[in-house]
Amino acid sequence: MSTLRDAFGRQLHYLRLSITDRCNFRCAYCLPQGCSKETSAQPLSGCEIERLVRAFAALGFWKVRLTGGEPTTRLDVCEVVHRIAAIPGVTRIGLTTNGYRRAEIASVLRDAGLKALNVSLDSLEPERFERITGSSRLANIVAGVEAAVAAGIPSVKVNVVLLRGMEDGELDRFLEWTRRLPLAVRFIELMQTGENGEYFRQHHLPAEEIRKKLEARGWVRQEQDPGDGPATTYRQSGYAGRAGIIAPYSAGFCDSCNRLRVSSTGKLRLCLFGDAEIPLRQLLESDHQQAELIRTIESSMQVKPAEHLLREGRSGRTGNLASTGG
Ligand code: SAM
Ligand code: SF4
């Protein structure tokens with residue numbers, strides 16, 4: 001099996017693919033005004049997605065995560081999962097979602113071959129949840145997470161963006177969820193993007209604060225597995241699930257980078273917060289272009305940056321994460 005490495009010797013095997021830039025939520029740190037219908041560009045079709053993922057699979061990518069915008073706003077999301085799951089070499093297909101359609105599609109996604117589901121859920125308090133997301137569907141989303149576990153999707157994670165105002169009681173409710181269910185609840189430090197500067201200044205909560213709280217509650221940091229990516233995992237005896245911290249502002253965060261991103265219109269992004277964008281869509285028109293597509297991806301690796309420059313307040317081209325897929 002072929003492997004793809006960048007100029008710093010990092011082996012890349014994980015593709016994050018945005019399948020739409022549209023979203024039905026208005027998260028305060030991401031798309032506070034929601035997304036306007038007119039500006040949305042035509043996303044890659046199922047056929048284009050399949051060609052793209054085949055090329056990455058030929059380069060040794062075995063892990064693919066679909067994201068957005070909100071991927072479940074695409075009516076063919078289950079068909080897209082099914083297509084990707086059938087590509088030789090892809091052994092793990094995941095989806096990141098705000099949970100809007102979760103309960104109704106959990107078992108369909110599982111049958112389509114989905115192996116990993118990440119639900120973004122920043123608060124368990126209905127009012128706070130609505131203030132953050134503009135949605136009043138908290139109860140449905142919580143039910144959807146439980147439905148996904150019950151449906152037997154092998155990995156179910158809840159991603160919580162850390163925001164000032166999260167009280168200890170809420171932290172404890174998230175942790176309590178992992179006592180009963182084999183869930184991973186991961187706390188993610190808010191990142192500054194081109195558009196959320198003011199919100200970031202007011203709401204950024206350093207991951208270090210949560211780390212101290214977890215350790216004070218007896219959670220124990222686990223050995224990092226090389227395939228884990230950037231999350232630090234914590235466990236506690238008597239709990240079926242686990243907790244995690246993703247701290248993009250910590251030193252060395254990018255050293256274990258194993259991923260590439262492709263936007264919903266087929267632009268290869270080498271770093272979430274970088275400037276480089278390599279258009280691939282013109283190479284997705286026919287199966288005969290596969291060799292050229294693979295060469296284009298390979299040759300881009302020389303310019304994948306060593307690390308993001310978030311600590312210097314630089315977020316590259318990234319206006320918000322809905323456009324690049326988070
Ligand atoms: N709409 C889907 C969702 O919310 O899960 C998928 C796309 S969303 C951009 C992917 C993830 O990025 C979500 O977990 C979201 O909370 C996170 N995210 C968005 N903007 C962020 C920011 N500025 N800092 C940290 N995480 C962010
Ligand atoms: Fe939509 Fe996800 Fe951004 Fe929230 S974080 S606005 S759900 S894309």
Side-chain angles (χ1 to χ4, degrees), residues 16-36 39-40 43 65-74 77 94-102 105 109 116-123 129-138 140-141 144-145 148 156-164 166 174 184-207 210 229-231 244-250 253 259 261-264 269 272-273 308 310 313-326:
R16 285 215 180 177
L17 173 60
S18 170
I19 60 169
T20 177
D21 61 358
R22 301 200 55 72
C23 187
N24 50 357
F25 277 21
R26 298 191 307 270
C27 297
Y29 49 79
C30 182
L31 288 177
Q33 312 301 329
C35 66
S36 71
T39 56
S40 187
R65 173 168 295 281
L66 302 181
T67 174
E70 175 45 43
T72 63
T73 60
R74 254 184 92 140
V77 60
L95 180 86
T96 298
T97 168
N98 61 25
Y100 189 80
R101 286 180 67 202
R102 175 66 34 66
I105 61 176
L109 283 169
L117 194 57
N118 288 5
V119 186
S120 307
L121 181 46
D122 300 336
S123 175
F129 180 80
E130 189 161 354
R131 252 195 332 275
I132 298 171
T133 63
S135 164
S136 57
R137 294 182 60 120
L138 175 63
N140 296 48
I141 294 166
V145 171
V156 181
K157 293 178 183 162
V158 171
N159 288 341
V160 185
V161 173
L162 289 171
L163 300 170
R164 289 229 166 267
M166 182 165 96
F174 273 117
V185 174
R186 304 181 318 163
F187 299 97
I188 304 175
E189 199 169 348
L190 177 67
M191 295 176 271
Q192 183 170 3
T193 62
E195 294 167 8
N196 75 3
E198 191 49 39
Y199 190 88
F200 176 83
R201 276 184 286 283
Q202 288 175 17
H203 294 87
H204 177 242
L205 179 66
I210 292 295
I245 295 181
I246 300 181
Y249 286 88
S250 61
F253 179 78
R259 62 197 62 184
R261 293 181 163 81
V262 175
S263 76
S264 58
R269 295 288 308 264
L272 182 53
F273 292 104
H308 64 60
L310 276 179
R314 287 166 57 185
S315 33
R317 268 177 193 260
T318 303
N320 57 63
L321 265 54
S323 55
T324 36

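None of these values were measured; they are calculated from a predicted model. Atoms within a ligand are numbered from 1 in the order they appear, just like the ligands themselves. Computation of the quantities below employed the complete heavy-atom set of this structure, encompassing side-chain atoms and omitting hydrogens, waters and symmetry-equivalent molecules.
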Test item: R22 side-chain N/O and T73 main-chain N/O as donor-acceptor pair under 3.5 Å: no

For atom 22 (C) of ligand 1, the option (of M191, H203, Q192) bearing the nearest heavy atom: M191

For atom 4 (Fe) of ligand 2, closest protein heavy-atom neighbour: C27 SG, 2.3 Å

Heavy-atom pair with the smallest gap, counting every atom of S120 and T96: OG-CG2, 4.0 Å

Distance (rounded to the nearest 0.5 Å) between L66 CG and T72 OG1: 11.5 Å

Polar atom proximity, C23 to ligand 1 (N or O, under 3.5 Å): no

Ligand-residue contact atoms, ligand 2 with N98, heavy atoms, under 4.0 Å: 7 (S)

Between E70 and N24, a side-chain donor and acceptor under 3.5 Å: no

Sidechain-backbone polar pair: H204 side chain, F200 backbone, donor-acceptor under 3.5 Å: no

Shortest non-hydrogen contact from P248 toward E189: CD-CB, 3.6 Å

Backbone or side-chain N or O of E189 under 3.5 Å from ligand 1 N or O: no

S120 N/O under 3.5 Å from ligand 1 N/O: yes

Plane angle bin for F25 and Y100 - parallel if under 30°, tilted between 30 and 60°, otherwise perpendicular: perpendicular

Numbered atoms of ligand 1 (with element) below 4.0 Å of G69, judged on heavy atoms: 1 (N), 2 (C), 6 (C), 7 (C)

Heavy-atom nearest neighbour of atom 20 (N) of ligand 1 within options F200, Y100, Y29: Y29

Per-atom contacts of ligand 1 with N98, taking only distances under 4.0 Å to non-hydrogen atoms: 2 (C), 3 (C), 5 (O)

Subset of ligand 1 atoms that lie under 4.0 Å from at least one heavy atom of E70: 1 (N), 2 (C)

For V161, atoms of ligand 1 separated by under 4.0 Å from a heavy atom: 16 (O), 26 (N)

Per-atom contacts of ligand 1 with T67, taking only distances under 4.0 Å to non-hydrogen atoms: 6 (C), 7 (C)

Which of the ligand 2 atoms, numbered from 1, are nearer than 4.0 Å to a heavy atom of F25: 6 (S), 7 (S)

N/O/S from C30 sitting under 2.8 Å away from atom 3 (Fe) of ligand 2: yes

Atoms of ligand 1, numbered as shown, that sit under 4.0 Å from any heavy atom of N196: 23 (N)

Structural part of C23 in contact with ligand 2, heavy atom criterion under 4.0 angstrom: side chain

Side chain R65, main chain L95, donor-acceptor under 3.5 Å: yes

Side-chain donor or acceptor of N196 paired with backbone N/O of M191 under 3.5 Å: yes

Verdict with reasoning, Y29 to I132, per side-chain contact (heavy atoms from CB on, under 4.5 Å): CA-CA 8 Å; Y29 49 79; I132 298 171; 4.0 Å; yes

